[in-house]
Amino acid sequence: QVQLVESGGGSVPAGGSLTLTCAASLWKHPYYSMGWFRQTAGKEREGVAGILSDGTTKYTDSVKGRFTISKDNAKNMLYLQMNSLKPEDTAMYYCAAVSTRPGLAYALVAGVYRYWGQGTQVTVSS
């Protein structure tokens, strides 16, 4: 059983930065692919950034050049560095993991991921 716990959310002004962290417990498999998703009330969960088991990354267009996903396999940690934040980035952010390597085309598809954290709120004020 994989447990994911997000942290690092908060309230920042537009143009600010935040780093989200996802701690994975009971992590014994080196081949997990992981992703960050976000969701606002009344909308579907949106894939923000994904990192496959081989380190390949994928970003949704709206965050390219501003967000960076990375993971530390030795520490069982996943990160999302978010710079130049915009009010439209406001959402609950979720960490997700799956013990396979989906095709890159599916890296931002929520249905591919098996394990989910509880989320951390990011609020960007204008």
Side-chain angles (χ1 to χ4, degrees):
Q1 183 80 20
V2 174
Q3 293 179 330
L4 306 174
V5 179
E6 303 95 334
S7 62
S11 297
V12 295
S17 298
L18 283 173
T19 300
L20 303 185
T21 298
C22 175
S25 64
L26 303 180
W27 185 295
K28 301 298 183 184
H29 199 297
Y31 303 117
Y32 278 90
S33 296
M34 301 192 74
W36 287 100
F37 291 75
R38 63 188 180 189
Q39 190 171 23
T40 55
K43 294 187 177 181
E44 291 188 358
R45 195 163 292 189
E46 173 193 24
V48 175
I51 183 165
L52 304 183
S53 54
D54 63 0
T56 305
T57 59
K58 184 179 177 75
Y59 299 90
T60 192
D61 287 345
S62 64
V63 308
K64 286 180 180 177
R66 300 189 297 122
F67 290 11
T68 302
I69 188 171
S70 62
K71 62 177 179 172
D72 186 329
N73 290 330
K75 296 182 178 180
N76 296 341
M77 300 290 281
L78 178 73
Y79 306 98
L80 184 67
Q81 175 66 45
M82 305 187 295
N83 298 324
S84 302
L85 282 161
K86 304 176 181 180
E88 50 264 44
D89 294 318
T90 295
M92 184 71 78
Y93 282 72
Y94 298 90
C95 169
V98 62
S99 59
T100 60
R101 185 196 182 282
L104 187 60
Y106 297 94
L108 301 182
V109 176
V112 166
Y113 292 85
R114 179 176 180 182
Y115 304 104
W116 292 85
Q118 295 300 307
T120 185
Q121 178 68 37
V122 172
T123 302
V124 184
S125 58
S126 58

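Both backbone and side-chain heavy atoms feed into the values below; hydrogens, waters and symmetry mates do not.
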Do [X] and [Y] belong together in a cluster built from hydrophobic side chains that touch within less than 4.5 Å?
X     : Y     : value
Val12 : Trp36 : yes
Ile69 : Leu52 : no
Met34 : Val48 : yes
Tyr94 : Val63 : no
Leu80 : Leu78 : yes

Evaluation steps, side-chain contact (heavy atoms from CB on, under 4.5 Å), between Glu6 and Tyr93: CA-CA 8 Å; Glu6 303 95 334; Tyr93 282 72; over 6 Å; no
So which heavy atom on [X] is nearest to which on [Y], and how close?
X      : Y     : value
Ser17  : Gln81 : CB-NE2, 4.1 Å
Cys22  : Leu4  : SG-CB, 3.9 Å
Thr120 : Leu20 : CG2-CD2, 4.0 Å
Ser53  : Ser33 : N-OG, 3.0 Å

Main chain of Val124, side chain of Thr90: is a donor-acceptor contact present, judged purely on distance under 3.5 Å? yes
Starting from the C-alpha separation in whole Å, work towards a yes-or-no answer on side-chain contact (heavy atoms from CB on, under 4.5 Å) for Arg66 and Tyr59. CA-CA 10 Å; Arg66 300 189 297 122; Tyr59 299 90; over 6 Å; no
Please list every donor-acceptor pair under 3.5 Å in which a side-chain atom of residues 110-118 meets a protein atom from a residue at least two apart or in another chain.
residue : atom : partner : partner atom : Å
Tyr113  : OH   : Ala107  : O            : 2.6
Trp116  : NE1  : Tyr113  : O            : 3.4

Taking everything shown except Tyr106 itself, do over 12 heavy atoms lie less than 6.0 Å from its OH?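 No, because the 6.0 Å sphere around OH of Tyr106 holds 12 heavy atoms or fewer from other groups.
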Are Asp61 and Lys64 ion-paired here, with the side-chain N under 4.0 Å from a carboxylate O?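 Salt bridge present between Asp61 and Lys64.
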Once salt bridge (Lys or Arg N to Asp or Glu O under 4.0 Å) is applied, do any residues pair with Asp72, and if so which ones, sequence neighbours excluded?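 Not a single residue meets the salt bridge (Lys or Arg N to Asp or Glu O under 4.0 Å) criterion with Asp72.
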Can you tell me how far CG of Leu104 sits from NZ of Lys58, rounded to the nearest 0.5 angstrom? 5.0 Å
Rounded to the nearest 0.5 Å, how far apart are CD of Gln39 and CD of Glu46?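 Reported to 0.5 Å precision, the distance equals 10.0 Å.
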Ser62 and Lys86: CA distance, side-chain angles, deciding distance, side-chain contact (heavy atoms from CB on, under 4.5 Å) verdict: CA-CA 10 Å; Ser62 64; Lys86 304 176 181 180; over 6 Å; no
Check the pair Ile51, Tyr32 against side-chain contact (heavy atoms from CB on, under 4.5 Å), reporting the backbone distance first and the verdict last. CA-CA 9 Å; Ile51 183 165; Tyr32 278 90; over 6 Å; no
Contact check, side chains of Val122 and Met82, non-hydrogen atoms, under 4.5 Å: yes
Side chains of Leu85 and Phe67 in contact at under 4.5 Å (non-hydrogen atoms):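 Yes, their side chains come closer than 4.5 Å.
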Residues in side-chain contact (heavy atoms from CB on, under 4.5 Å) contact with Ala23, at least two apart in sequence or another chain: Met77
